[in-house]
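What follows is a single structure, written as C-alpha cells, with notes after it.
Computed from a predicted model, the values in this text were never measured in an experiment.
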Amino acid sequence: MTDDRAGQVPAPISWEALAAELAATREQAAERGDADPAAWDAVAAELAARVAERPVDEQPVPAVPVEDVAAVLEPAPEPEPAPEPAPEPEPAVLLDPVELRGGLEALLFVVDDPVDEETLAAALRCPREQVRQGLADLAAGYDERSAGIALRRVGEGWRLYTREDHAGVVERYLGEGQRSRLTQAALETLAVIAYRQPVTRARVSAIRGVGVDGVMRTLIGRGLVREVGSDPDSGGGLYATTPLFLERLGLASLAELPELAPLLPETATFLEEHPDA
C-alpha cells in the first residue's frame, strides 16, 4: 500500500471520524461475510500508523476550564492580619484582711447605688470569693457592735444604710436642722435680698463686701430664697425671697417690710466710724 500523504503535514485527527470509519469497516465486513481477523488487524495497523505520523506536539491538549485559568492568573488574596490579642487583665491577688476591709468601706461609701461583687473585685484587684467573704464579715461586724450603719445586700449588689435602731436620731436631726437659727451672715444676706430683690449674687457680695456663695446655698436649701430669672446685662441669676420667707416673718407681702431708713445709722455716726467712706 502506497501512502500518497508522504511529505505532507498530517491533518489533525478527528476521533469521531475514526470511530465512524471503524464502524463502517465493520459493517462492510459483516455484509461480505468477511470474519477474517487479519482484516481487522490491517485496520488497527492503519490506525496506529496514522497516529504515529502525527507529531507529539500536535496531540490534542485537554481544555482547561476558564475558572481554573483565572485562578492561576489572578494573585491569591493576601491573608488578613490576625487581630491583636486583648491585653490580659492583671492577675487577682489575695489582699490583707485589713486592706480588704478598708477598701470595701471606701468604695461602699462613695457609691450611690448598690454595687455588685464583681465590680468591687475588679476595683480592688482581688478574687471575687474574697470580696464576698469580706462583705459578709463587714456586715457581721457592724451588727455585732450595733454600728450606726448596716451593710445590706439588695438584689445583686451591696449598699450601706443607716441602722433602723437610730432612726429617731436621724429624724430629729433632719427635722430640727431645718428649724435651726440662721447665722448672722445668713441674716445679713437675707436682708439684702429682701430689700433689693430681684438681685444678683454678685451684687449681694458687693454690698456685703464678702463672698456669699455658701450663705446663698443655705438660704436656698431652707426655702427662703429662690432664683427668679437672669440679669440681662451680666447674665447672672436673679434671686428673690419666697412665700415661706413672708410666712416665717409673719408678713402678708413685701410691702409690710419695715422702712429701711430708720434702721440705718446716722450719717455723722457712720462717717466717724468709717472715715474713709
Side-chain angles (χ1 to χ4, degrees), residues 105-115 142 145-152 154 159-277:
E105 287 181 325
L107 292 173
L108 293 169
F109 179 77
V110 299
V111 297
D112 295 327
D113 300 314
V115 58
Y142 291 151
R145 59 188 179 89
S146 298
I149 56 177
L151 179 59
R152 300 175 187 169
V154 182
R159 187 179 181 184
L160 291 174
Y161 293 87
T162 55
R163 190 172 297 278
E164 296 178 357
D165 297 346
H166 307 290
V169 176
V170 176
E171 291 175 357
R172 284 195 301 273
Y173 168 76
L174 294 177
E176 297 177 1
Q178 297 295 328
R179 296 192 296 270
S180 60
R181 300 184 60 179
L182 295 174
T183 63
Q184 183 66 27
L187 290 173
E188 293 177 2
T189 301
L190 184 59
V192 172
I193 296 174
Y195 281 95
R196 299 296 299 269
Q197 60 184 309
V199 62
T200 64
R201 187 177 304 190
R203 183 59 179 164
V204 176
S205 297
I207 294 174
R208 291 201 57 226
V210 294
V212 296
D213 290 347
V215 176
M216 289 292 291
R217 285 194 296 270
T218 299
L219 295 175
I220 294 173
R222 296 286 186 92
L224 300 173
V225 172
R226 62 188 177 93
E227 187 173 356
V228 295
S230 58
D231 183 39
D233 297 329
S234 64
L238 291 172
Y239 295 89
T241 56
T242 64
L244 179 62
F245 166 78
L246 297 175
E247 179 184 342
R248 291 295 177 86
L249 268 68
L251 304 176
S253 67
L254 293 175
E256 296 184 4
L257 285 173
E259 293 292 335
L260 188 58
L263 302 177
L264 296 176
E266 295 292 338
T267 304
T269 305
F270 178 80
L271 291 176
E272 290 178 359
E273 296 178 355
H274 303 279
D276 298 332

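To the nearest 0.5 Å, atom OG1 of residue Thr241 and atom CG of residue Leu249 are 9.0 Å apart. Between the CZ atom of Arg226 and the CD1 atom of Ile220 there is a distance of 11.5 Å, given to the nearest 0.5 Å. A distance of 4.0 Å separates CD1 of Ile149 from OH of Tyr142, quoted to the nearest 0.5 Å. Rounded to the nearest 0.5 Å, atoms CD (Glu188) and CD1 (Ile207) are 12.0 Å apart.
More than 12 heavy atoms of other shown residues, nucleotides or ligands fall within 6.0 angstrom of atom OH in Tyr161. For Arg163, the CZ atom counts as densely surrounded, since its 6.0 Å shell holds more than 12 non-hydrogen atoms of other residues, nucleotides or ligands.
Between Arg208 and Thr189, the side chains place a donor N or O and an acceptor N or O closer than 3.5 Å (distance only, hydrogens not considered).
Shown here for Ser205 and Gly211, the closest heavy-atom pair between the two residues is OG-CA, 4.0 Å. Nearest heavy-atom pair across Tyr239 and Gln197 is O-CB, 3.8 Å. When all heavy atoms of Ile193 and Met216 are compared, the closest pair comes out as CD1-SD, 3.5 Å. Nearest heavy-atom pair across Thr200 and Gly236 is CG2-O, 4.3 Å. Minimum interatomic distance between Gly235 and Ser230 (heavy atoms only, all atoms of both residues): O-CB, 4.0 Å. Nearest heavy-atom pair across Leu224 and Arg248 is CD2-CG, 4.4 Å.
Side-chain contact between Leu107 and Val115 is absent, with no heavy-atom pair separated by less than 4.5 Å.
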Side chain to side chain contact (heavy atoms under 4.5 Å, CB included) evaluation trace for Leu182 with Val215: CA-CA 10 Å; Leu182 295 174; Val215 176; over 6 Å; no

Residues Val225, Thr242; criterion side chain to side chain contact (heavy atoms under 4.5 Å, CB included); working and verdict: CA-CA 6 Å; Val225 172; Thr242 64; 5.5 Å; no

Steps toward side chain to side chain contact (heavy atoms under 4.5 Å, CB included) verdict (Arg203, Asp231): CA-CA 11 Å; Arg203 183 59 179 164; Asp231 183 39; over 6 Å; no

